[in-house]
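Not measured: the values here are computed from a predicted model. Throughout, protein chains are lettered first and strands after them, A, B, ... in sequence-line order, and every chain is numbered starting at 1.
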Amino acid sequence: MSAKIVVGLDGGGSGNRAVDYAKKLAGQIGSCELILVYVIEWSPFTFQTPEENEERHKRREEEISAAQSRIIQPALGRLADEGIPIRGLVKHGDVAETLDRVAKQEKADQIVVARTSETGMIRRIFGSSTANLVMHSTVPVTVVG
Amino acid sequence: MTYKTAFTAAALALCTAAAHAQEAPGIDERVNDAFAAATGPFVGFIFSSLPGTDFPWIVLWLVIAASVFTIYFGFIQIRAFVHSIQLVKGDYSDPDDAGEVSHFQALTTALSGTVGLGNIAGVAVAVGIGGPGATFWMILAGLLGMASKFTECTLGVKYRNEYPDGTVSGGPMYYMKKGFAERNLPGGGFLAILFSIFCILGALGGGNMFQANQAHAQIIGVTGDYPGWITGTVMALVVFAVIVGGIKSIARVTEKVVPFMGVLYVGAALVILLINFDQIGWAFGEIFRGAFTDTGIVGGAIGALIQGFRRAAFSNEAGVGSAAIAHSAVRTKEPVTEGFVSLLEPFIDTVVICTMTALVITISGQLMIDAETGNYLISEGAIQTVGGTSGVALTSAAFESAFSWFPYVLVIAVILFAFSTMISWSYYGLKAWTYMFGEGKAKELIFKVIFCLFVIVGAAAELDAVIGFSDAAIFSMALVNILALYFLMPVVRRELRSYQERLKSGEIKKFIH
């Protein structure tokens, strides 16, 4: 039975570090599938105008296709020649919760994420997605420095 | 014509009109006279009384409908209350649908269209004319209205249009047309057009002029008197910037600030009630006394009932059909779930917020009571108040008696509430407009410009003329909408039964435990 690793992308350099590390792990394990996940931060508890609601479905489709082409495809491209089974997913929701949910659904063995780049004020107020994931995840998490 | 040139042209036109008005004093009176003359017959018809009584037939129409839906759906507002809250919390939302409009978002968008001046000024009008007893009937109307809202919003989602580009349009005009056709009933198309006409009038009346009028009244209460067209012009320009200029940031900011103002308003009311804890029992006593006995107000207990029902309908819009437009954007496979969620709206709007306002006004002692008879002192059809205030000024005076700075907060709250309600109603009106005339930038622009001009008229016209027309326009929507709901309620019952069976069998399950 092959192993499964969920890799959290953030659309930046730290996401690439996570991908590189997961690739190394997969190589060591031998038979291992990588699932790259990019989460679009979204909350069901925000206030919207009627127009925003009317166009929401359309915007969601646009957000997903933009994330596919800008983030998932390049990441898949980086691993195309490695011969590792690989898939990419785009999800909406809270980053930590969503990565954990995908990992559970896919029965993944672990989640690999990079240390996030939020610093100072923002992290103090909102906390970091990585820290939240480490605190609440039900699947082992590896944080790449 | 591009948006930018249209924007500049209209802004110029408005400024010229304003400058012209400055040279001709008394424009307020002229606008008011013309307005009262033009809308008088329409208002008269809608509020004509049942033969031999002074009970407006339209109020009876709403109450009967709300009662029929309550019984037909087996007191759905009580049975489904807990489930509705679970839906709003997202307990039954599939995580794979994340990113779509949630139940919470649909509810709060609809609420920002209804929570507003109706809760602050409308209640003061009801209590100022009908006495505290009007509150009892307002709460009852709110509770019954939950069933009307449930019915219309379920249909709104079920029969909405989903376009290939992913946008949606829904509302009474769509369920009238599609629902009637599905059941092989004639006249659906005609009702849809009639509803659309009334919806446009309602958008211009209650959703626009009433708001501008009361916002102006509140501003002059703080700054001192000045002509209404000045406030009107400024508000019209801001509304214009949002709905025509596409300056979404203003709308977004408003949508985010309004809920906090709502919380602040309820919070302040709660603090006042806590301070006067010992009087709450007395205030409820007054509410019951006024609801069932003659306390000297015009029309006695029936007068209280009429005022209560009227203001409740205007505040929570149950049976009017506007919420069906707002709620239809939600992404759900089960239309009835949106019905459940929407039934919380009259509860929050009327049963909670309106009651708060009424209690504060009653406790503040602004309404003058004859010490000997215990009856309210009446002059010109309304209860005499300490400062001779009515409408939003009465609410303001009541809050001021506890917090001297509150009128300033209320000015901001009123302007923001008025503004968010205008934005919501400009959307409802536009949906009705495009239903009739088709979609297209030029067609939409015409409606939007008319909408902005009515902001100025609303701020300049006298309160009586504006309230009369606002009520009449909103109630006419209810006239057509409720008729359609009677014909389509079996559809809702079918949806409800099927949903309940699947909920019971476990086919519909919670995602969050």
- Task: Considering non-hydrogen atoms only, spot the tightest contact between Ser196(B) and Ala432(B) and give its length.
- Result: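 Taking Ser196(B) first and Ala432(B) second, the nearest heavy atoms are O-CB, 3.5 Å.
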Heavy-atom pairs under 4.5 Å with chain A, option from [options] with the top count:
{"options": "Ala106(B), Gly99(B), Ser102(B), Ala329(B)", "answer": "Gly99(B)"}
{"options": "Ser424(B), Ser112(B), Pro95(B), Ala326(B)", "answer": "Pro95(B)"}
{"options": "Leu430(B), Thr109(B), Asp97(B)", "answer": "Thr109(B)"}
{"options": "Leu107(B), Ile325(B), Thr167(B)", "answer": "Thr167(B)"}

- Test log, rule side chain to side chain donor-acceptor pair (under 3.5 Å), inputs Thr46(A) and Gln105(B): CA-CA 6 Å; Thr46(A) 55; Gln105(B) 287 163 338; 2.7 Å; yes
- Pick one of side chain, backbone, both or neither for Arg101(A), based on which atoms fall under 4.5 Å of a heavy atom in chain B.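 For Arg101(A), the side chain is the part near chain B, not the backbone.
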- Message: Need one label for Thr98(A): side chain, backbone, both or neither, based on atoms under 4.5 Å from any heavy atom in chain B.
- Response: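 Interface part for Thr98(A): neither.
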- Message: If I measure from the heavy atoms of chain A, does Val88(B) come under 4.5 Å with its side chain, its backbone, both, or neither?
- Response: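 Contact with chain A involves the backbone of Val88(B) alone.
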- Message: Heavy-atom cut-off 4.5 Å, strictly under: side chain, backbone, both or neither for Pro259(B) against chain A?
- Response: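 The side chain, not the backbone.
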- For Ser84(B) and Phe340(B), indicate whether the former's side chain and the latter's backbone hold a donor-acceptor pair under 3.5 Å.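 It does hold such a pair.
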- Item | Ionic contact status for Arg87(A) with Glu106(A), cut-off 4.0 Å |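 Yes, this pair counts.
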- In terms of side-chain geometry, is the basic nitrogen of Glu63(A) or Arg56(A) positioned less than 4.0 Å from the acidic oxygen of its partner?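 Arg56(A) and Glu63(A): salt-bridged.
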- Is the distance between the ring centroids of Phe260(B) and Tyr265(B) under 6.0 Å?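 Not close enough - the centres of the two rings lie 6.0 Å or further apart.
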- Check: Tyr174(B) ring centroid to Tyr435(B) ring centroid under 6.0 Å: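 Yes.
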- Just give me the residue among Lys91(A), Glu52(A), Gln48(A), His92(A) that pairs up with chain B most often, heavy atom to heavy atom, under 4.5 Å.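 Of the options given, most contacts go to Gln48(A).
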- Query: What residue, out of Lys58(A), Glu55(A), Arg59(A), Arg60(A), has the most heavy-atom pairs lying under 4.5 Å from chain B?
  - Reply: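 Going by pairs under 4.5 Å, I would pick Arg60(A).
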